[in-house]
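So the structure is just underneath, and the comments pick up after that.
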Number of protein chains: 2
Amino acid sequence: MRGFGPGDSFLADCPARLAVELIADKWTVVVLAGLSKGPVRHGELIELIGGISRKVLTQTLRRLKAHGLVRRHAYAEAPPRVEYELTPLGATLIDPIHILTEWARANGDAVLDALDADSEPVAHHG
Amino acid sequence: MRGFGPGDSFLADCPARLAVELIADKWTVVVLAGLSKGPVRHGELIELIGGISRKVLTQTLRRLKAHGLVRRHAYAEAPPRVEYELTPLGATLIDPIHILTEWARANGDAVLDALDADSEPVAHHG
DNA sequence: CAGATTAGGTTTCCGATAGGAACCAGCAGG
DNA sequence: CCTGCTGGTTCCTATCGGAAACCTAATCTG
C-alpha cells in the first residue's frame, strides 16, 4: 500500500482537487476512453458508449472542452457532422484512465462478488 | 496516444463498466485517497477531505463497503468510535488512483487556464 | 440527578442534476 | 412540400448532494 504521504493530501483546496472532481464524473471517464482512438462523431459516441443520453453526452463534451481536454470540430455540411477529439492535454489523461480501466477489467468480478455477498446477509447458519 | 484498441472498448456491458461507474463518483476517489494511509475515523475523514457532508460521506463509505473496497469497524465505546480501512481489494485501487491524482497535480493549472480562456471568449482583438 | 459535550448517523428540506422523450434547425432527395 | 439524417435543446420527473437539526449513548461538570 503506497499511500499518499503527509503533504500529499490534495484533500484541501489545491487545483488537483478540482481536476479530480472534473474527471470523477459518471460519464467522463467513459467518454474520454471513447475518444482515445481519435476523432469520433457525436452519434458514434452515443452508440459506442451505450446508455448515455444525447443531452448528457453533449454536456460532458462541453465541460471537457471548457477544461481544455477536448476539441470540437463542426463541419459545415449537410447533414451536419461534428467530431470531437482529445487535445494534447486531454491525451495525457489516456494513460491514467487506461490504468484505471485495466483495474476495473481485472477486478470487476471481485466487486460483483462482494456486492453479491453483501446483499445476502441472510445468515442461514444451519 | 495509446488508445484502448478495438477489443478494448469496455463501453458495453462488461463488469469493468460497472466498476468504473462505481469509482467515477464525485467523492469516491477522494475518500479512497483519504483511506490510503490506513484506518481512519469518520470525523477524521470529514476534516481531512473538507467539503463533504456527513450524509454523503456515510453513503459513500457504505457503497464502498458493499462493493468490498472498504471495511467498517465500530468499537463499542463511548463516545462511539468507527474506523474505516481499505480491504485488500480496495488497496489495489490506490496505485491507479495515485496515478490519477498525480496527473491532477501536474495538470490542474493547465485545466484552470483552459477554463479561464474558455470563459472569456471576448475577442478584443484590437 | 440535570445539563453540556462528543461522535456517528439519520432525517428533513431545498436546489441542482441526470435521464427519457419529444421537439428544433438545416439541408438533400423524391 | 414532405421526409430523413444529425446534432442539439427543451420539458418533466426522479434522484442526489448539501446544510442543518435531531437522535443515541456515555462521559464529564456541577
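The structure presented is a predicted model; accordingly, all values stated were derived computationally and were not measured.
Under the side-chain contact (heavy atoms from CB on, under 4.5 Å) criterion, Ala66(A) pairs with Leu115(B), Asp118(B), sequence neighbours left out. Residues passing the salt bridge (charged side-chain N to carboxylate O under 4.0 Å, His left out) test with Glu44(B), sequence neighbours excluded: none. Remark: Arg41(A) engages no residue in a salt bridge (charged side-chain N to carboxylate O under 4.0 Å, His left out) (not counting sequence neighbours). Scored by the side-chain hydrogen bond (donor to acceptor under 3.5 Å, both in side chains) test, Glu83(A) finds Tyr75(A), Arg81(A) as partners (sequence neighbours excluded). The side-chain hydrogen bond (donor to acceptor under 3.5 Å, both in side chains) test applied to Thr92(A) returns Trp103(B), not counting sequence neighbours. Among residues two or more places apart in sequence or in another chain, the side-chain contact (heavy atoms from CB on, under 4.5 Å) test is passed with Arg72(B) by Arg62(B), Lys65(B), Ala74(B), Val82(B), Tyr84(B). Partners of Asp25(A) by side-chain hydrogen bond (donor to acceptor under 3.5 Å, both in side chains), not counting sequence neighbours, listed by chain and number: Thr28(A). Remark: Lys26(A) engages Glu21(B) in a side-chain contact (heavy atoms from CB on, under 4.5 Å) (not counting sequence neighbours).
Nucleotide dC16(D) holds its C1' atom 14 Å from the CH2 atom of Trp27(B), rounded to whole Å. Between Ile46(A) atom CD1 and dG7(D) atom C1' there is a gap of 10 Å when expressed in whole angstrom units. The separation between Asp25(B) atom CG and dT15(D) atom P is 17 Å, rounded to whole Å. Protein atom CD1 of Ile49(B) is 15 Å distant from nucleotide atom C1' of dG18(D), rounded to whole Å.
Between Leu22(B) and Arg63(B), the closest side-chain pair of non-hydrogen atoms falls below 4.5 Å. Residues Leu100(A) and Val20(B) have side chains not in contact (no heavy-atom distance under 4.5 Å, counting atoms from C-beta outward).
Comparing Lys26(B) and Arg41(A) along DNA chain D, the residue whose closest nucleotide (by nearest heavy atom) sits nearer the 5' end is Arg41(A).
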Protein N or O to nucleotides 21-29 of chain D N or O, pairs below 3.5 Å:
{"residue": "dA21(D)", "atom": "N6", "partner": "Arg54(B)", "partner atom": "NH2", "Å": "3.3"}

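Along DNA chain C, read 5' to 3', the first and last nucleotides having any atom under 4.0 Å from a heavy atom of chain B are dT6(C) to dT12(C).
Evaluation of the ring pair (Phe, Tyr, Trp, His ring centres under 6.0 Å) test over residues 34-53 of chain A, restricted to residues two or more places apart or in two chains, returns none.
In the region residues 55-70 of chain A, proximity to DNA chain C at under 4.0 angstrom, judged on heavy atoms, holds for Lys55(A), Val56(A), Gln59(A).
Residue Tyr84(A) is classed as a sugar-phosphate contact, given heavy-atom separations below 4.0 Å to backbone atoms only.
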